[in-house]
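Atoms considered below: every heavy atom in the structure, side chains included; atoms not considered: hydrogens, waters and symmetry mates. Residue numbers count from 1 along this sequence. As the structure is a prediction and not an experimental result, all values here were calculated from the model.
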Amino acid sequence: MKNSSLGPVNVSIIVPVLNEAAIIRAFLQHLRTTAPEAEIIVVDGGSNDGTVELCRGLADHIVESTRGRARQMNTGAQVAHGKILWFLHADSRIATNSLKAIEEVLADSRIVGGCFRLRIVPTRWVYRVRDVIGDLCVNLFRIALGDRGLFCRRENFLALGGYPNQRLLEDADFYRKLRAVGRVRQIPITIQTSARRYEALGPVRTSLFYLLIMTLYLARTKMSVLEKMVGWFASRRPIHTQRSEIYEPVL
């Protein structure tokens, strides 16, 4: 059940969703178990599969927004009460010590935000390679994507104007903005995320395509070009049926 005894809130978890009826209730139950002190805000972008109804009783706030992950996350931030904002995807699993780790990191006033390490499930060699490369890139280039559970102080988020209103890599651009006002930190705790998109379009070619997009992004390729490329790739016919993920103990 939702946190009905919310006193002063330190961390607000913001979850943008669109047609996630198949997974949203289990995810929110997972959050209630692993982060019971947090305020949970679900921001729906116009679902037509009953997602909103499934959130009732588990989310502290259910907010409707125009479609678009950046818009949805910005809308959630506007109603959040926490001093810290933590943005999560609905196909993630977090560790029980994640909240404490965020608070400990942000106890240092020089640090304005950060992210977590990522582990894609199920276990396949291509995902382990992808995880290692991704973690190294965060440390080398100080750029993180949203599946890593970006977090920051609410005051910094609002001062920066939130996520840029764009369809692609709004998370990477925001993380860059965050770096401009202070230090960021990758916490050495794992967030697990579903491989459903990789499995649908092929894990190897999807990993290679994402690597290409990030390389072009770092080379300052125009966002309009990247959007066209991603749109073309996403429109390809799926070659794998959806697997059911078995989440492992989160480290």
Side-chain angles (χ1 to χ4, degrees), residues 1-6 9-45 47 49-63 69 72-73 76-77 79-82 84-105 114-124 127 131 134-135 144-152 171 186-200 242-251:
M1 68 187 288
K2 70 179 183 178
N3 191 348
S4 59
S5 58
L6 281 173
V9 177
N10 203 29
V11 179
S12 295
I13 297 175
I14 298 170
V15 185
V17 297
L18 179 67
N19 293 329
E20 296 287 18
I23 63 173
I24 190 60
R25 195 157 185 87
F27 172 68
L28 294 178
Q29 289 169 338
H30 163 70
L31 287 187
R32 281 291 167 220
T33 301
T34 52
E37 307 91 352
E39 175 184 49
I40 299 177
I41 302 168
V42 174
V43 189
D44 185 72
S47 298
D49 66 345
T51 294
V52 170
E53 289 72 19
L54 291 169
C55 296
R56 302 196 192 283
L58 289 170
D60 295 299
H61 305 284
I62 304 170
V63 185
R69 183 169 281 167
Q72 290 172 240
M73 292 188 291
V79 303
H81 296 92
I84 299 168
L85 305 180
W86 187 13
F87 300 91
L88 291 176
H89 293 178
D91 57 358
S92 302
R93 289 294 184 274
I94 63 172
T96 54
N97 57 341
S98 297
L99 274 185
K100 181 180 178 182
I102 290 174
E103 292 171 340
E104 288 177 350
V105 165
C115 66
F116 289 80
R117 292 185 181 276
L118 184 67
R119 184 176 182 83
I120 301 173
V121 293
T123 301
R124 296 182 66 168
Y127 299 140
D131 295 341
D135 290 339
L145 302 182
D147 50 8
R148 292 179 175 272
L150 307 191
F151 61 86
C152 64
D171 37 16
Q186 179 175 211
I187 295 177
I189 296 174
T190 301
I191 281 185
Q192 291 183 6
T193 191
S194 166
R196 55 183 177 164
R197 292 180 178 84
Y198 291 83
E199 293 290 316
Q242 182 73 24
R243 286 189 178 197
S244 58
E245 292 85 10
I246 300 175
Y247 288 93
E248 305 162 357
V250 184
L251 304 177

Quiz item: After noting the C-alpha distance and the side-chain angles of E199 and R124, does the key distance pass the salt bridge (charged side-chain N to carboxylate O under 4.0 Å, His left out) rule?
Solution: CA-CA 11 Å; E199 293 290 316; R124 296 182 66 168; 3.0 Å; yes
Do [X] and [Y] make a side-chain contact, defined as non-hydrogen atoms from C-beta onward lying under 4.5 Å apart?
X	Y	answer
W86	I14	no
L118	F116	no
I191	D147	no
Q192	S92	no
D44	V63	no
I187	R117	no
I23	E20	yes

Exercise. Test R69 against D171 for salt bridge (charged side-chain N to carboxylate O under 4.0 Å, His left out), laying out the working first.
Key: CA-CA 9 Å; R69 183 169 281 167; D171 37 16; 5.4 Å; no
Quiz item: Are the ring centres of F151 and F87 closer than 6.0 Å?
Solution: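 When the ring centroids of F151 and F87 are compared, they turn out to be at least 6.0 Å apart.
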Quiz item: Can any side-chain N or O of E39 pair as donor or acceptor with the backbone N or O of H81 at less than 3.5 Å?
Solution: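 Checked: pair present.
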Self-check item: No-hydrogen, no-angle side-chain donor-acceptor test under 3.5 Å, E37 and N10
Solution: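 No donor-acceptor contact under 3.5 Å links the two side chains.
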Quiz item: Which distance, rounded to the nearest 0.5 Å, do you find between the CG of D60 and the CD1 of I41?
Solution: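 Rounded to the nearest 0.5 Å, the CG-CD1 separation comes out at 8.0 Å.
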Quiz prompt | Straight-line distance of R93 CZ to R119 CZ, nearest 0.5 Å | solution =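 Reported to 0.5 Å precision, the distance equals 15.0 Å.
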